[in-house]
Amino acid sequence: MQIATWNVNSIRTRQEIVINWLNNNPVDVLCLQETKVRDEQFPLAPFQEIGYHVSISGQKAYNGVAIFSRQPLQDLSMGFSPILGEDLVGDYDEQKRVISGVVDNVRIVNLYVPNGSAIDSDKYVYKLGWLDLLKQYLEKLQAEQSLEICICGDFNIALEDKDIHNPKGKAKHVMSSPPEREALSHILDLGFQDVFRKFISEEGHYSWWDYRSGGFARNRGWRIDHHYFTSNLYQQATKCWIDSEPRKLEKPSDHAPVIVEY
DNA sequence: ATGGCGAATGCAATTCGA
């Protein structure tokens, strides 16, 4: 089984690149973030024609998540509300950042974690509140079911300094500030492990490079797209890698796909 | 320290991303 995650930064703009990538990398599941399209405008047909079931949760212009899967997803759910209830979730499901389903007895949770904009901004506060809600969501999910879980997506957090090309100033930088790292660590304490770091411990491996200032050409990147597995699934993992090839194409997403195999 | 680039909206310039 191969599960990939990829922030495509607009599925309509990246349609050909994603189709070509799937033809060359026929993964069982592809989790997408930043589809940036209303559900009624999502280009379903091109992906269905190459053999994928398409599950989507989108909105106009921003955010948006989707799961492409060879098998139909079971127990599909969008947002936090189906698990946590609307009273607790409040407005947090207005931004489409969570989609989940079961494939082959593994629950997949595909996430687009808020960016946070800048330390101490309203969006940063929103990000920390969202991460607290995610922790409660996963806790309740684990209490209600016994399936192994794969959380993956764009976390917009680099947990370790070696996940950043230049960690100088990290404490005041969104994506690497101590409160964000603590929030993600508390989530991982529920029993999740970083699959990429099972296989590769060295620095210099990134999944996102800024469009500006030649970030990719200089390999000035961040590793912020992750797969976290519960322990039995983690034990079964055989591979995890970042495919930076699509980042070299014309009009690329600023993120590269990350793939796990188990 | 600042801005760089790219996408969506909607048709110019602004918002947002990371």
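Just so we're on the same page: letters track the sequence lines, and every chain starts at 1. Please read these numbers as outputs of a predicted model, since none were measured by experiment.
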For nucleotides 11-13 of chain B, which of its nitrogen or oxygen atoms have a protein nitrogen or oxygen under 3.5 Å away, and what is each distance?
none

**OP:** Kindly indicate whether the side chain of A/F196, heavy atoms from C-beta on, has any atom under 4.5 Å from the side chain of A/H226.
**Re:** no

**OP:** Please name all residues satisfying side-chain contact (heavy atoms from CB on, under 4.5 Å) with A/K251, sequence neighbours left out, ordered by chain then number.
**Re:** A/T13, A/R14

Original post:
Does a donor on one side chain and an acceptor on the other come within less than 3.5 Å for A/E34 and A/N9?
Top reply: no

**OP:** Sequence neighbours left out, what passes side-chain contact (heavy atoms from CB on, under 4.5 Å) with A/E250? Give chain and number order.
**Re:** none

Original post:
Over how many whole Å does the gap from A/Q59 atom CD to B/dT15 atom C1' extend?
Top reply: 14 Å

**OP:** Quick one: list whatever passes ring pair (Phe, Tyr, Trp, His ring centres under 6.0 Å) with A/F216, sequence neighbours left out.
**Re:** A/W209

**OP:** Under the ring pair (Phe, Tyr, Trp, His ring centres under 6.0 Å) rule, collect the residues that match up with A/H173, sequence neighbours excluded.
**Re:** A/W222

**OP:** Only pairs at least two apart or in different chains count here, so list each ring-ring contact (aromatic ring centres under 6.0 Å, His included) that has a residue in residues 24-48 of chain A.
**Re:** A/F47-A/F68

**OP:** Report, as a single string ordered 5' to 3', how protein heavy atoms within less than 4.0 Å touch nucleotides 1-7 of chain B: B base, S sugar-phosphate only, - not at all.
**Re:** --BBBSS

Original post:
Using a cut-off of 4.0 Å on non-hydrogen atoms, how would the nucleic acid contact of A/D225 be classed: base, sugar-phosphate, or nothing?
Top reply: nothing

**OP:** May I ask you to say whether A/D194 pairs ionically with A/R223, meaning some side-chain N is under 4.0 Å from a carboxylate O?
**Re:** yes

Original post:
Between B/dT15 and B/dG4, how far is it from one P atom to the other, in whole Å?
Top reply: 16 Å

Original post:
How far, in whole Å, is B/dG17 from B/dG3 if one measures between their C1' atoms?
Top reply: 15 Å

Original post:
Got a sec? Which of residues 120-133 of chain A come in under 4.0 Å of DNA chain B, heavy atoms?
Top reply: A/K123

**OP:** Apply side-chain contact (heavy atoms from CB on, under 4.5 Å) to A/D161 and list each qualifying residue two or more places apart in sequence or on a separate chain.
**Re:** A/P167, A/K170, A/R181

Original post:
When the distance from CZ of A/F42 to P of B/dA8 is rounded to whole Å, what number comes out?
Top reply: 13 Å

Original post:
Which ones in residues 151-160 of chain A lie close to DNA chain B, meaning a heavy atom under 4.0 Å from one of its atoms?
Top reply: A/D154, A/N156

Subject >> Nearest-angstrom distance, P atom, B/dG10 to B/dC5 >> reply: 25 Å

Subject >> Nearest non-hydrogen partners of A/C31 and A/I108, listed with the distance >> reply: SG-CG2, 3.7 Å

**OP:** Quickly, which of A/N156, A/D154, A/N110 forms a side chain to side chain donor-acceptor pair (under 3.5 Å) with A/Q33? Name it, please.
**Re:** A/N110

**OP:** Could you pull out all residues at least two apart from A/Y206 that satisfy ring pair (Phe, Tyr, Trp, His ring centres under 6.0 Å)?
**Re:** none

**OP:** Using the P atom as the reference point in each nucleotide, state the distance between B/dT2 and B/dG6 in Å, no decimals.
**Re:** 23 Å

Original post:
Under the side-chain contact (heavy atoms from CB on, under 4.5 Å) test, which residues partner A/Q2, sequence neighbours left out?
Top reply: A/V27, A/D28, A/W241, A/I259, A/E261

**OP:** Answer with base, sugar-phosphate or nothing: what part of the nucleic acid does A/Y206 contact at a heavy-atom distance below 4.0 Å?
**Re:** nothing

